[in-house]
Amino acid sequence: MEILSDATAMTRWSRARRAEGLALGFVPTMGFLHAGHTSLMDIAGNRADRLVVSIYVNPLQFGPGEDLARYPRDLEGDLARCRAHGVSAVFLPESLYEPGFCTTVAVAGPSRGLCGATRPGHFDGVATVVARLFGLVQPRVAVFGEKDWQQLAVVRRMVRDLAMEVEIVGGPLIRDADGLALSSRNRYLAPADRARALSLSRALFAMQASGIVEAKALCALGRGLLDVDALDYLEVVCAESLTPLEVLDRPARALVAARVGGTRLIDNAPLEPVS
Ligand code: AMP
């Protein structure tokens with residue numbers, strides 16, 4: 001497994017593999033890897049000849065007062081997980097933005113609302129780093145987790161709009177046995193907060209199982225089950241466009257973001273349309 005620590009090394013490695021006729025699979029991450037990340041590696045590895053994982057805590061996607069400075073890190077553990085999942089190259093840049101970097105990729109549509117409203121500028125940061133990473137890695141296929149449903153929609157839109165030659169694949173959301181969506185940020189949760197964090201998935205599962213078709217009533221049910229310190233949003237939206245729905249008349253998704261003991265958590269689940 002190669003460790004590539006700057007953009008030049010990444011570009012050189014990628015160019016050489018592609019010159020050999022090899023298709024690259026790519027999973028971008030911010031590290032502190034868990035089973036959610038490795039599930040994406042397995043998907044990408046099965047769809048490509050060589051697998052590249054990037055580990056980079058992207059400052060552009062953090063707002064003021066967010067957890068950029070204390071984002072959890074575990075380089076040794078991350079590299080061991082990458083090795084165990086057949087990664088050929090880990091891209092581990094110290095910085096991705098050379099002096100003078102001044103381009104922002106802003107995707108409107110799916111960036112509006114939800115996390116786009118509660119974390120202004122977040123998806124500009126995501127789109128910009130993903131566009132730059134795609135330029136450096138030049139993957140044939142890139143895999144993103146459905147855990148970040150809105151991010152996946154933003155990346156799909158960007159790739160379509162900018163005619164980027166990469167296939168975007170969504171990987172299923174991986175949960176702990178008790179239902180908590182795996183996240184690097186779960187590391188921040190004290191035991192009592194972790195128990196309360198379970199109310200996010202519990203609320204989503206109750207909404208799923210309720211048979212209710214009106215979004216307002218679904219959200220009221222979910223809100224009643226949440227045990228959080230602050231709710232950023234709980235919404236029912238069209239699964240594809242992310243626009244709010246009144247009734248489940250097409251494939252829908254319930255999305256939630258909330259703070260538990262100072263940690264911001266997100267989760268989402270599909271809702272079946274009325275048949
Ligand atoms: P992050 O390191 O949080 O930026 O996440 C890197 C990638 O892993 C993103 O595509 C996430 O959506 C994905 N991911 C994070 N947690 C999970 C999870 N529990 N299940 C599936 N994918 C995940």
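In each ligand, atom 1 is the first atom listed, and ligand 1 is the first ligand listed. All values below were derived from every heavy atom in this structure, side-chain atoms included, with hydrogens, water molecules and symmetry-related copies excluded.
For ligand 1, the atoms closer than 4.0 angstrom to any heavy atom of Phe144 are 10 (O). Atoms of ligand 1 lying under 4.0 Å from at least one heavy atom of Leu40, given by number and element, are 7 (C), 8 (O), 10 (O), 13 (C). Numbered from 1 in the order shown, with element, the atoms of ligand 1 that lie under 4.0 Å from a heavy atom of Leu182 read 16 (N), 17 (C), 18 (C), 19 (N). Near Pro172, meaning under 4.0 Å from one of its heavy atoms, ligand 1 places the atoms 20 (N), 21 (C). Taking every heavy atom of Asp148 and a limit of under 4.0 angstrom, the matching atoms of ligand 1 come to 11 (C), 12 (O). Proximity to Pro28 (heavy-atom distance under 4.0 Å) selects the following atoms of ligand 1: 6 (C), 7 (C). Near Gly145, meaning under 4.0 Å from one of its heavy atoms, ligand 1 places the atoms 9 (C), 10 (O), 11 (C), 12 (O), 13 (C), 22 (N). Set against the non-hydrogen atoms of Thr29, the atoms of ligand 1 under 4.0 Å away are 2 (O), 6 (C).
Contacts of His34 with ligand 1, taken as heavy-atom pairs under 4.0 Å, involve the side chain alone. Only the side chain of His37 comes within 4.0 Å of ligand 1, judged by heavy-atom distances. When heavy-atom distances to ligand 1 are checked against a 4.0 Å cut-off, Ser39 has no atom that comes that close, whether in backbone or side chain. Under 4.0 Å from ligand 1, not a single heavy atom of Leu152 appears.
Checking Arg18 against Ser14 by side-chain atom types alone, a donor-acceptor pair falls below 3.5 Å.
The environment of Arg140 atom CZ is sparse: at most 12 non-hydrogen atoms of other residues, nucleotides or ligands sit within 6.0 angstrom. Surrounding CD of Glu20 are more than 12 heavy atoms belonging to other residues, nucleotides or ligands, all under 6.0 Å away.
Residues Glu240 and Arg156 are not paired through a salt bridge, judged by the lack of any N-O separation under 4.0 Å between the basic side chain and the carboxylate. Arg175 has a carboxylate O that lies under 4.0 Å from a charged side-chain N of Asp267, or vice versa, which qualifies the two as a salt bridge. A salt bridge is defined here as a Lys NZ or Arg NE, NH1 or NH2 lying under 4.0 Å from an Asp or Glu carboxylate O, and Arg259 with Asp229 fails to meet this definition.
Listed here is the closest heavy atom pair of Ser88 and Arg50: OG-CD, 3.2 Å.
Shortest contact from atom 23 (C) of ligand 1 to any protein heavy atom: Lys147 CB, 3.8 Å. Here the protein heavy atom with the shortest distance to atom 3 (O) of ligand 1 is Tyr71 OH, 3.9 Å. In terms of protein heavy-atom proximity, atom 4 (O) of ligand 1 is nearest to Met30 CG, 3.5 Å.
On a distance-only criterion, Leu173 and ligand 1 share no N/O pair closer than 3.5 Å. Every N/O-N/O distance between Val143 and ligand 1 stays at or above 3.5 Å. By the 3.5 Å distance cut-off applied to N or O atoms, Ile174 is counted among the residues near ligand 1.
No donor-acceptor pair closer than 3.5 Å links the side chain of Asp6 to the backbone N or O of Pro93.
Note that Arg70 lies in the cation-pi zone of Tyr188, set by a 6.0 Å cut-off to the ring centre and a 45° limit from the axis.
Considering only heavy atoms from C-beta on, Cys219 comes within 4.5 Å of Val236 through its side chain. A heavy-atom distance below 4.5 Å is not found between the side chains of Leu198 and Asp227.
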